[in-house]
Amino acid sequence: MKDRLRQQIGDALQACFDNNTLHSGVVPEVQIEVPGNPEHGDFASNLAMTMARIEKKSPRQIADALIAALTDCDFLSKVEVAGPGFINFTLTPTCWYKVLDDIAARGKAYGLSRVGQGRRVQVEFVSANPTGPLHIGHGRGAAVGDAVAAILQAAGFDVQREYYVNDAGNQVATLGRSIWMRLREQNGETIVFPEDGYQGGYIRDLAIKLREVDPAIAQLEESEAVKRCTDFGVSEVLKWIAADLKDFGITFDNWFSEQSLYDRNMVEIELAKLAAKGLSYERDGALWLRTTDYGDDKDRVLIKSDGSPTYFASDVAYHMEKFDRGFERVIDVWGADHHGYVPRMKAVVAGLGHPSDDLEVLLIQMVNLLRDGQPYTMGKRSGNFVTLREVVDEVGSDACRFYFLMRRSDSQLDFDLELAKRQSSDNPVYYVQYAHARVCSIKRNAQEQGVALPKQGAVDLSSLILPEELLLAKHLARYPETVVGAAQSCEPHRIVYYLQELAAQFHSYYNRQRILVEDPATTQARLYLIDGVSTVLANALNLLGVDAPERM
RNA sequence: GCGCGAUUAGCUCAGCUGGAUAGAGCGCUGCCCUCCGGAGGCAGAGGUCGCAGGUUCGAAUCCUGCAUCGCGCGCCA
């Protein structure tokens, strides 16, 4: 719709140049927006104002000239100049109702687009260390990462979801030592548990299980035993993590092992490439990466003077390999406490010759868990945090995911467990899901009354004349561009806001008007409208990983 | 000290990348059930967009300075 209008305006502009009512010959980008105030029509353009300076004419004069040059077209019902020089366009109702046919025809595909042009994008998210169960913060990252991936797919990108497993280095070694100590404790030894060990009760569970499957371990020499503890612990914890995520509706296309980088010598190989480009240098016995050349505060160490690589080194190699694998856009989802690492990682990307924006880092802020408005922090078995599983078990995956996506991901989030479970309109997720269930209920009701459901493309919509019906149709028409906007900005919360507004409009309409009325034509038209509502609700919820239930 | 991010209604937050009279939910006040699901709806009150300058036709949005809060600044991972 917008594109057709843009075309019309462009033609009018050209006509003005041709007949000399306008002289500059400069064609600016035509901006069209949807005004906040409905009295300002369906679309508005600021073109006349942006041209005022170069044309040396008042915006209103230019606007008048443009309007005069607009060829008659059937879909515009009103065009007028308003305010400082906006051109406001009002479309005929029928062209809005065409969207209902479009929705009915495309169904689940309504809202998909090709703006991504099949470009390959990787979204790497969660990537929690395999040293313990996922906590609530990981859950938010998971919900955001998965939704961003789904939204990008809907916008026509070729998306891969990846989990980076930090299975090399000190963290997993600490896991192994922790399990080993608990295992010895189980065998009756008096132990001094390491200060930096993992405190959670799950360590003991792992120790007990390992003793069962590998009874000989207690007799092994310590370093070998700890190694087995590490391998066992990592593999068990990864199983938990995968299971937690699966129950949260999330699966990954690829689990990428950090250790595999070392096994394949990739760290060495990628670092050699950096050296060849002159991006690294030696100083004080260490190898440094020249990240300051690309906006970082200070250069960063890749190889320590004792010869061992830093965590940064494998991270650099990992990101280099991402681009080697052919991804044009790489999106990392990190906890906001890592924001200080963004400049150095972007510096790496820039150093490789990519625009630094080819790497986008989404920072996920903290989740404040509440219970009836009071802070809730205690985790039972996991150390000092609440696990994702506890929360999903309590409030359900749908509510959990919806809440995680309600705010911009880089702002903190209050998540009230009691509110999330409540079955009333002050719980946003129920409110939205209920709108979908309500449409389904009406359709069931219609069928019980022997009313046939409308067929795609074969409905007379001329009885849809109420303002709230037009409003709904317009909002449905805006869904595709909402998805595109969410994809371009990597902001799933836009979909949430869209859903809340659509649900509100629908509930309001429902409350004022009966759908199933005496007049068959009106009934058919209204059923067609609300069917479009339920399709869009379902499509949008699907992007967020939230179910669209037919009954609640 | 340096850097990053925040600051919008009593509370929690949007604000479509510079547009017209700044919005939503919760909470508060007052209403609406002969109704397809009241698991809902309607109306009202509530604002110096942290402060001060600047850029221009036009600023919550961009620039500078200041204030307050949060986070980050290892040859840790």
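Every value quoted in this text rests on a predicted model; they were computed, and no experiment measured them. In what follows, chains are A, B, ... by sequence order, proteins preceding strands, each numbered from 1.
The shortest distance between the side-chain N/O atoms of A:Ser508 and the OP1/OP2 oxygens of B:rC42 is below 4.0 Å. OP1 or OP2 of B:rA14 has at least one side-chain nitrogen or oxygen of A:Ser411 nearer than 4.0 Å. Phosphate proximity of B:rG41 to A:Tyr431: present, with a side-chain N or O under 4.0 Å from OP1 or OP2. Considering only side-chain N and O atoms, A:Tyr510 lies under 4.0 angstrom from the phosphate OP1 or OP2 of B:rG38.
Nucleic acid contact class of A:Arg478 (heavy atoms, under 4.0 Å, all strands): base. Contacts of A:His40 with the nucleic acid, taken as non-hydrogen atoms under 4.0 Å apart, include base atoms.
Here A:Phe86 lies parallel enough and close enough to stack on the base of B:rA20, with planes under 30° and ring centres under 5.5 Å apart.
Computed from coordinates, the A:Asp410 CG to B:rG15 C1' distance equals 14 Å when rounded to whole Å.
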| Which letter, B, S or -, goes with each nucleotide of nucleotides 67-77 of chain B from 5' to 3', with contact meaning a protein heavy atom under 4.0 Å? | ----BSSSBBB

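Scanning for salt bridge (Lys or Arg N to Asp or Glu O under 4.0 Å) contacts around A:Asp416 gives an empty result, with sequence neighbours left out.
Aromatic ring orientation, A:Tyr498 versus A:His475: parallel (interplanar angle below 30°, classes split at 30° and 60°).
Comment: A:Glu469 does not engage A:Arg512 in a salt bridge, judged by the lack of any side-chain N to carboxylate O separation of less than 4.0 angstrom.
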